[in-house]
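Take a look at the structure below.
Keep in mind that this is a model prediction, so the values were computed, not measured.
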Amino acid sequence: MISLTEDKKMLGYGSLGSYSNISHFVTTRRGGCSKDAYATFNCSPFTGDEMEHVCRNQELLFEAMPVKPSELIIPHQTHGVKNLVIDRAFLALSEGERRARLEGIDALMTDIPGCCICISTADCIPILLYDKQHQAIAAVHAGWRGTVNFIIGHTLERMRAVYGTVGEEVVACIGPGISLESFEVGDEVYEAFRLNGFDMSRISCRNANTGKFHIDLWETNRQQLLDFGVPSSQIEVAGICTYIHHEEFFSARRLGIASGRILSGILIIN
């Protein structure tokens, strides 16, 4: 990944950075004002952090962004596969109506300039998508539940229906999240992937010492992108494990559920 700020509190992807008509970011734990398990740069309003701190961190995020969006749109994720199109009709809703629409959403997409769509993660996998041809973007939260239920496939199929997206025109970035090495799972999780038709020889391994299975969420989501027709050369994988690098990135397995979140955002420039 590349650093977007001198203090390295915001990172980006080289593949997306080469396009002048979009802007994006991935936050780290650095540079904010939150405390304890939210320390310090938590921008998510859904994890129990003090809203005063969240709002200040979002202000700091805006100040650090080279292109200022009209707003941040952050869904309340629930580890499902529901996606939401951010269109003119959504933007016309009241604040309360928007909140209701964003409840239980794990992927956002839009083709409206200036709207920064975001997802928050802490070990789950953040994925940003850019349809070069149709100037559409998406932000996807792919935890193991979303991954096993093909959230990337569902999101891309919705983009195809709404924008005409085809795999050949998609640039995809798989961000910091828990690695194969760190993601130990129970037999029931392994079976959920196997029963859903995943190639377990490609996405899993068994630890010889513990006898426990490990799942590679990076590769599992990469395979879903390939299945949609996204060229391998247009898929960037950050390869950063949040569990291992927990001092730089939030990790729910390290800090608990009541902790900070990485925010990944993308917007089309006006």
task: Treat each ILVMFWY residue as a node, draw an edge where side-chain heavy atoms are under 4.5 Å apart, and state whether Val148 and Ile125 are in one component.
output: yes
task: Please check if Val140 and Val171 belong to a single hydrophobic cluster, counting links between Ile, Leu, Val, Met, Phe, Trp and Tyr side chain heavy atoms closer than 4.5 Å.
output: no
Got [X] and [Y] here, is their nearest side-chain heavy-atom distance under 4.5 Å?
X: Phe213; Y: Glu184; value: no
X: Glu71; Y: Leu91; value: yes
X: Trp144; Y: Ile215; value: no
X: Met51; Y: Pro45; value: yes
X: Ile73; Y: Thr110; value: no
X: Tyr190; Y: Arg206; value: no
X: Arg202; Y: Thr220; value: no
X: Leu217; Y: Ile174; value: no

- request: Among Asp49, Thr40, Thr47, find the residue that satisfies the side chain to side chain donor-acceptor pair (under 3.5 Å) test when tested with Ser34.
  value: Asp49
Ignoring hydrogens, what is the shortest heavy-atom contact between [X] and [Y]? Give both atom names and the distance.
X: Gly17; Y: His24; result: N-CE1, 3.8 Å
X: Trp218; Y: Gly239; result: CH2-C, 3.4 Å
X: Phe25; Y: Leu128; result: O-CD1, 4.5 Å
X: Met10; Y: Ala64; result: SD-CB, 3.5 Å
X: Gly32; Y: Asn57; result: CA-OD1, 3.2 Å
X: Met159; Y: Ala138; result: SD-CB, 3.7 Å

Which distance, rounded to the nearest 0.5 Å, do you find between the [atom1] of [X] and the [atom2] of [Y]?
X: Ile117; Y: Ile105; atom1: CD1; atom2: CD1; result: 12.5 Å
X: Asp123; Y: Tyr243; atom1: CG; atom2: OH; result: 9.0 Å
X: Glu247; Y: Arg254; atom1: CD; atom2: CZ; result: 9.0 Å
X: Ile137; Y: Leu267; atom1: CD1; atom2: CG; result: 6.0 Å
X: Thr121; Y: Ile178; atom1: OG1; atom2: CD1; result: 11.5 Å
X: Thr155; Y: Asp106; atom1: OG1; atom2: CG; result: 9.0 Å

Between [X] and [Y], does any side-chain N to carboxylate O distance fall below 4.0 Å?
X: Arg160; Y: Glu169; result: no
X: Glu191; Y: Arg194; result: yes
X: Glu103; Y: Arg99; result: no

Heavy-atom count check: over 12 atoms from other residues, nucleotides or ligands less than 6.0 Å from [X] [atom1]?
X: Lys132; atom1: NZ; answer: yes
X: Lys35; atom1: NZ; answer: no
X: Glu63; atom1: CD; answer: yes

Donor + acceptor pair across side chains of [X], [Y] (<3.5 Å):
X: Ser259; Y: Arg261; value: yes
X: Ser44; Y: Asn42; value: no
X: Gln135; Y: Asn21; value: yes

message: Just checking Phe250 against Phe41, ring centres under 6.0 Å apart?
response: no
statement: Result for ring pair (Phe, Tyr, Trp, His ring centres under 6.0 Å) between Phe150 and one of Phe198, Phe228, Phe193 points to Phe198
Residues that His245 engages under ring-ring contact (aromatic ring centres under 6.0 Å, His included), provided they are two or more places apart: none
